[in-house]
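Following: one structure in structure tokens, then a few remarks.
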There are 2 protein chains.
Amino acid sequence: MTTHDNWFIEHFQPTGSAIGFRLTAKLDEVQSPFQKIEIYDSTDWGKLMVIDGAMMLTAKDNFFYHEMISHPVLFTHPAPKRVVIIGGGDCGTLREVLKHPGVASVTQCDIDEQVTRMAEKHFPELCRSNGDPRAELLFDDGVAYMANCPAGSVDVVIVDSTDPVGPGEGLFNKAFYESCCRALKEDGILVQQSESPLMQLELINDMRAEMGKAGFDSFKTLPFPQPCYPTGWWSVTLARKGGRGFDFRQADSSTKAFDTLYYTAALHTGVLATPPFVASALRD
Amino acid sequence: MTTHDNWFIEHFQPTGSAIGFRLTAKLDEVQSPFQKIEIYDSTDWGKLMVIDGAMMLTAKDNFFYHEMISHPVLFTHPAPKRVVIIGGGDCGTLREVLKHPGVASVTQCDIDEQVTRMAEKHFPELCRSNGDPRAELLFDDGVAYMANCPAGSVDVVIVDSTDPVGPGEGLFNKAFYESCCRALKEDGILVQQSESPLMQLELINDMRAEMGKAGFDSFKTLPFPQPCYPTGWWSVTLARKGGRGFDFRQADSSTKAFDTLYYTAALHTGVLATPPFVASALRD
């Protein structure tokens, strides 16, 4: 990371590419027990949250990620009531999940309370559902939380984590996926952020292989724009068991009673058609 | 642009954001009468072409742009035979257009011959259809070319230009669009690269307004990933006259006899569903 001339630049080694934003000020910084969290303001993207030098979110463009990690999986599950979010400390995913009236309870388990405190202070729009009576916010180890979850108790697990290094590393292997598989009901679905579908297809294949060893047997990777992440094109990967596919509740999605900026039923239909080069690399 | 520590970084002022690539070597440079063209090699993106400090294309990701500026418009037109490409000197768009067997002739008119010479040398894969007997390569002023085009002689005009500054500036105003409108047959279609659909929606509105003054009355902006351009999310805008919409030849697209890496009929259907925040900003 360099901030010379008021530009934040993140050099992302795994993709050999960089992204950056023109800053106006540094607003805040805290060193938690886990990571360094910085808040900047920018000329065109609103406030930025940076963790250990990696761009986490901007006020301007976080809706792509938060909508795409929430609505496709929730409209794929036949009737999601019990949702667990691992990570997700900025609370944007929680806000989107709680837009679904059928969801009865959501536990968000992020290891780092300071991420949520910084979000409450600098991104209050992401935290506006934190007081919803259906929401439980825990600050604990997500790996342990899933390991201790009662078997067959969860409809949807959303892994809204940082990259597979540092605090997020334990969320990308067979042991963690086994806990998720056990905690999910028979028709439950796991969804996880899965990096760049242009440059990190081998990582997605590795994730799927670990998920497969843990008992999942169907996988779907959905790409979407995410300008503040390296390559500007990001993905989530859904995993199910029992040979169930990824058809979604199109009628419910088309008539949803809440607003979104990016996600629509038509977009969901379109994104299920995996681009040929991605399908080929993922052996879909 | 800075290249310290072997990273090319483009600071894009209109969006307040930057993109960059890790370099291995500078391979070539030429100062043409119009602009400076540089060729770099990179660790993960193959060769890069940079014009006046702005990233034009990488070997790795140019297929998004070249497919999306070609196939949607060609599958929207009922039977495109005569195609004009304004700009497009790297020849990647020409290659995609010539994949359509019904296309009888394509004229590519780029003001800068050196772009094509550099593409032939460093991106031969983009130039492999340059010898097609249906292709004509002109190195001339695209504004003048369109102004002199016989009225009602063209099915599709593709404006594959640089940003609306420098040599590309004259390709974003009413006078140029009037020439295009006049040159197009009644059911003809204009398509033009239209910058970032996240950060430059006002520019797209301005383009559409100028196109409207020139006689076009229907517009459609199609977003797509383009990692090497600022924000990683780019667009083309289609314009028609006579109240025709943008339904496409879905059956022909589904059974096309050529390969693509990104474009499919299903993707085309999906991308016609404009994301809500884009539709709202563009008053679609």
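- For B:Tyr229, the ring-ring contact (aromatic ring centres under 6.0 Å, His included) partners at least two apart in sequence or on another chain are B:Tyr65, B:Trp234.
- Rounded to the nearest 0.5 angstrom, B:His11 NE2 and A:Phe21 CZ are separated by 12.0 Å.
- For A:Thr269, no part lies under 4.5 angstrom from a heavy atom of chain B.
- B:Ile19 contributes atom CD1, which lies 10.0 Å from atom CD1 of A:Ile9 (distance to the nearest 0.5 angstrom).
- At a 4.5 Å heavy-atom cutoff, the contact between A:Phe63 and chain B is made by side-chain atoms alone.
- Ranked by heavy-atom pairs shorter than 4.5 Å toward chain A, the options B:Gly270, B:Pro225, B:Ala266, B:Pro223 are led by B:Pro225.
- Residues satisfying the salt bridge (charged side-chain N to carboxylate O under 4.0 Å, His left out) criterion with B:Asp44, sequence neighbours excluded, are B:Arg22.
- Of the atoms belonging to A:Thr43, it is side-chain heavy atoms, and not backbone ones, that fall under 4.5 Å from chain B.
- The salt bridge (charged side-chain N to carboxylate O under 4.0 Å, His left out) check on A:Arg95 picks up nothing, with sequence neighbours excluded.
- One finds the OG1 atom of B:Thr274 at 10.5 Å from the CG atom of A:Leu267 (value rounded to the nearest 0.5 Å).
- Residue-level contacts of residues 191-202 of chain A with chain B, in order of numbering, are A:Leu198, A:Met199; threshold 4.5 Å between heavy atoms.
- No side-chain heavy atom of A:Trp233 sits under 4.5 Å from any side-chain heavy atom of B:Trp233.
- When each of A:Pro276, A:Ser280, A:Gly232, A:Pro275 is scored by its heavy-atom pairs under 4.5 Å with chain B, the top score falls to A:Pro276.
- Of all heavy-atom pairs spanning B:Trp7 and A:Ser17, the tightest one is CZ3-C, 3.4 Å.
- Side-chain atoms of B:Trp45 come within 3.5 Å of backbone atoms of A:Thr15 as a donor-acceptor pair (strictly under, hydrogens ignored).
- Using a 4.5 Å cut-off between heavy atoms, B:Phe224 makes no contact with chain A at all.
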